[in-house]
J.: 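Below you'll find the structure I mean.
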Amino acid sequence: MTSRVLPRVFAASILLGLAATRFATSAVAQSSTKPSRKPSTKPSDKAAPSAVKIDSGPKYAYPANGTSAAARALAGKPAPVWPVPGPAPLAGSVLPAKRIIAYYGNPFSKRMGVLGEYPKPEMLAMLDREVAAWAKADPSTPVQPALHLITTVAQADAGKDGKYRMRHGDALTEKVYGWAKERNALLFLDVQVGLSTIQEELPRLESWLSRPDVHFGMDPEFSMKDGTKPGKKIGSYDAADVNWVIDYLAKLVTDNKLPPKILVVHRFTKPMLTNASKIKRDPRVQVVMHMDGWGPPSLKRDSYAAYVYAEPVQFAGFKLFYKNDRRSGSRMMTPRDLLALTPRPLYIQYQ
């Protein structure tokens with residue numbers, strides 16, 4: 001973690017008036033006094049100047065040499081193999097037959113994503129438009145809508161147990177699950193563990209994850225294994241943590257005779273996920289490595305190449321930011337841009 005990374009402010013949340021930390025760097029000219037999300041590249045990577053040159057669309061190849069994050073990740077290694085070899089999808093698998101278009105956030109915060117930024121009818125209408133845009137952009141791949149709820153939120157305050165996270169209860173999950181059902185959408189439950197652990201936070205969601213249309217997301221950014229408060233630096237998970245989650249979800253699938261679960265793992269730097277090559281492949285759990293950074297298209301493509309393409313796990317995801325991707329005169333990438341990537345992402349998240 002470079003010293004040039006500044007902690008972002010905590011977003012507004014109920015109960016404590018606080019929510020997840022985010023980070024900003026000079027690479028995206030982001031003020032530390034405004035809420036935002038993750039930068040796509042490290043400050044040492046070549047960044048766009050303040051007068052951003054507008055990227056007009058896909059006309060690129062992933063670099064095999066140079067100083068970018070992608071070039072460093074690919075240097076001296078065989079070309080990554082996509083699609084990733086592995087077990088054939090089981091009956092009821094969502095991926096790769098469909099592309100998931102998800103809206104992210106928490107209804108109690110206008111600053112954590114679209115789930116809370118807009119009234120429910122407007123938010124769902126926006127999701128409908130994105131689903132339609134993707135269906136038009138790639139008619140060969142059916143579109144599956146989804147809502148992605150941050151149900152455990154990293155906090156600036158230690159709380160009674162000193163874990164620096166707030167757990168939302170069943171009432172919120174039931175509310176958002178109802179929204180999802182209105183659109184025949186999937187629901188993802190996402191956890192930011194703070195000074196807790198994924199092993200402590202996941203089991204409390206078992207009753208929800210035992211439903212066939214509820215899936216899971218884990219965010220390494222807020223997994224503070226060394227005891228640092230969330231927001232002071234970027235956290236991490238190891239492949240052992242991901243494999244523990246895979247085993248847990250796989251058992252739920254078997255015990256409850258469910259279709260395969262989807263596991264989304266956020267990533268926008270290399271240290272956020274260690275030993276990625278050791279992540280297991282189990283047909284009962286479909287793993288999505290989700291490029292979660294914000295910035296101009298050139299930086300986002302570089303991060304995608306470095307942290308998804310260069311280290312194949314199973315499936316690929318990509319996040320788009322309605323506001324942060326457009327900072328400094330830049331633009332948000334389009335379905336056409338994302339369909340030009342290798343691999344084509346099958347999980348697209350909007351914040």
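Since this is a predicted model, take the numbers as computed values, not measurements.
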J.: Specify whether H215 and F188 have parallel, tilted or perpendicular ring planes, treating 30° as the upper limit for parallel and 60° as the lower limit for perpendicular.
T.: tilted
J.: Run Y322 and M126 through side-chain contact (heavy atoms from CB on, under 4.5 Å) and show every step you take.
T.: CA-CA 11 Å; Y322 283 118; M126 291 170 61; 4.2 Å; yes
J.: Let me check something: do L124 and L320 share a hydrophobic cluster, defined by ILVMFWY side-chain heavy atoms less than 4.5 Å apart, either directly or through other members?
T.: yes
J.: Is it true that D138 and R99 make a salt bridge, defined as a side-chain N closer than 4.0 Å to a carboxylate O?
T.: yes
J.: Report yes or no: does Q314 contribute a side-chain atom to a donor-acceptor pair with the main-chain N or O of D282 at less than 3.5 Å?
T.: no
J.: For the pair L90 and R284, evaluate side-chain contact (heavy atoms from CB on, under 4.5 Å) and give the outcome as yes or no after the intermediate values.
T.: CA-CA 7 Å; L90 297 177; R284 295 169 292 178; 4.0 Å; yes
J.: Whether the side chain of R267 engages the backbone of D219 through a donor-acceptor N/O pair (distance < 3.5 Å, no angle test) should be reported.
T.: no
J.: Is D241 reaching over with its side chain to a backbone N or O of Y237, donor-acceptor style, under 3.5 angstrom?
T.: no
J.: If the plane angle is over 60° it's perpendicular, under 30° parallel, otherwise tilted; pick one for H266 and H290.
T.: perpendicular
J.: Between E311 and K270, is the closest basic N to carboxylate O distance under 4.0 Å?
T.: yes
J.: Can we say D238 and K278 salt-bridge, meaning some charged N sits less than 4.0 Å from an Asp/Glu carboxylate O?
T.: no
J.: Only one of K323, K110, R111 forms a salt bridge (Lys or Arg N to Asp or Glu O under 4.0 Å) with E117, so which one is it?
T.: K323
J.: Are P85 and V81 packed together at the side-chain level, in the sense that at least one heavy-atom pair is separated by less than 4.5 angstrom?
T.: yes
J.: To the nearest 0.5 Å, what is the distance between CG on L189 and CZ on R204?
T.: 9.5 Å
J.: Would you say that L341 contacts Y304 through its side chain, given a criterion of any heavy-atom pair below 4.5 Å between the two side chains?
T.: yes
J.: Rounded to the nearest 0.5 Å, what's the gap from CD on E182 to CG on L127? Could you check?
T.: 11.5 Å
J.: Considering all heavy atoms of both residues, which atom of N243 and which atom of I279 are nearest to each other, and what is their separation?
T.: OD1-CA, 3.4 Å
J.: Any ion pair linking D292 and K300 (charged N to carboxylate O, less than 4.0 Å)?
T.: no
J.: Do T254 side-chain atoms and K251 backbone N/O form a donor-acceptor pair below 3.5 Å?
T.: no
J.: Taking the side chain as C-beta and beyond, is there a heavy-atom pair between L149 and P107 under 4.5 Å?
T.: yes
J.: Ignoring hydrogens and geometry, is there a side-chain-to-backbone donor-acceptor pair from Q192 to A154 under 3.5 Å?
T.: yes
J.: I need the Q351 CD to N324 CG distance, nearest 0.5 Å.
T.: 7.5 Å
J.: Less than 6.0 angstrom from the centroid, inside 45 degrees of the normal: does K319 satisfy that with respect to the ring of Y104?
T.: yes
J.: Counting only N and O atoms by type, is there a donor-acceptor contact under 3.5 Å from the side chain of D302 to the main-chain atoms of A70?
T.: yes
J.: To the closest 0.5 Å, what do you measure between OG (S93) and NZ (K98)?
T.: 11.0 Å
J.: Any donor-acceptor pair under 3.5 Å linking the side chain of T228 with the backbone of M224?
T.: no
J.: With a 4.5 Å cut-off on side-chain heavy-atom distances among I, L, V, M, F, W and Y, is there a chain of contacts connecting I246 to V264?
T.: no
J.: Taking all atoms of both residues into account, what is the closest heavy-atom pair of R281 and G86, and its distance?
T.: CD-CA, 4.4 Å
J.: With a 4.5 Å heavy-atom cut-off, do V287 and K280 have their side chains touching?
T.: no
J.: Output, in order, the C-alpha distance, side-chain angles, deciding distance and verdict of side-chain contact (heavy atoms from CB on, under 4.5 Å) for D161 and L195.
T.: CA-CA 10 Å; D161 61 2; L195 270 63; over 6 Å; no
J.: Going by atom types alone, do T67 and R72 pair a side-chain donor with an acceptor below 3.5 Å?
T.: no
J.: Do the non-hydrogen side-chain atoms of P89 and L95 ever get within less than 4.5 Å of each other?
T.: no
J.: Salt bridge or not between R167 and E200? Use side-chain N to carboxylate O under 4.0 Å.
T.: yes
J.: Looking only at the side chains, is there a donor atom on one of Q199 and Y248 sitting less than 3.5 Å from an acceptor on the other?
T.: no
J.: Are V94 and M218 grouped together when hydrophobic residues (ILVMFWY) are joined by side-chain heavy atoms under 4.5 angstrom apart?
T.: no
J.: Begin with the C-alpha distance, continue with both residues' side-chain angles, and end with the deciding distance and a verdict on side-chain contact (heavy atoms from CB on, under 4.5 Å) for L202 and F216.
T.: CA-CA 9 Å; L202 173 56; F216 190 67; 3.6 Å; yes
J.: Using a 6.0 Å distance limit plus a 45 degree cone around the ring axis, check whether R344 lies over the aromatic ring of F318.
T.: no
J.: Can you give me the closest heavy-atom contact between L338 and P345, atom names plus distance?
T.: O-CD, 3.4 Å
J.: For residues Y307 and A69, report the shortest heavy-atom separation together with the two atoms involved.
T.: OH-CB, 3.6 Å
J.: Say you draw a straight line from CZ of R326 to CZ of F321; how long is it, rounded to the nearest 0.5 Å?
T.: 12.5 Å
J.: Can you tell if the side chain of W208 reaches within under 4.5 Å of the side chain of E174, non-hydrogen atoms only?
T.: yes
J.: Would a 4.5 Å heavy-atom cut-off, applied to side chains only, mark L209 and L205 as touching?
T.: yes
J.: Should we count CG of N184 as having more than 12 external heavy atoms under 6.0 Å?
T.: no
J.: Using a strict 4.0 Å threshold on nitrogen-to-oxygen distance, state whether K163 and E201 make a salt bridge.
T.: no
J.: Quick check against the 3.5 Å criterion: does S223 have a side-chain atom that pairs as donor or acceptor with the backbone of S236?
T.: yes
J.: Report yes or no: does W82 contribute a side-chain atom to a donor-acceptor pair with the main-chain N or O of Y309 at less than 3.5 Å?
T.: yes
J.: If you look at every heavy atom in W244 and I198, which pair is closest and at what distance?
T.: CZ3-O, 3.8 Å
J.: I'd like to know if L186 and L252 are part of one continuous hydrophobic network [Ile/Leu/Val/Met/Phe/Trp/Tyr, side-chain heavy atoms within less than 4.5 Å].
T.: no
J.: Under 4.0 Å between a side-chain nitrogen and a carboxylate oxygen: does that hold for D213 and R211?
T.: no
J.: If hydrophobic clusters are built by linking Ile, Leu, Val, Met, Phe, Trp and Tyr wherever their side-chain heavy atoms come under 4.5 Å apart, do F315 and M291 end up in the same one?
T.: no
J.: Could you tell me which non-hydrogen atom of S196 sits nearest to which non-hydrogen atom of R165, and how far apart they are?
T.: CB-NE, 4.0 Å
J.: Taking N106 for its side chain and I150 for its backbone only, find out whether a donor-acceptor pair lies under 3.5 Å.
T.: yes
J.: Could you tell me whether R331 and D337 have a side-chain N and a carboxylate O separated by less than 4.0 Å?
T.: yes
J.: H148 and Y350: side-chain donor and acceptor closer than 3.5 Å?
T.: no
J.: Does some side-chain heavy atom of I262 sit less than 4.5 Å from a side-chain heavy atom of I100?
T.: yes
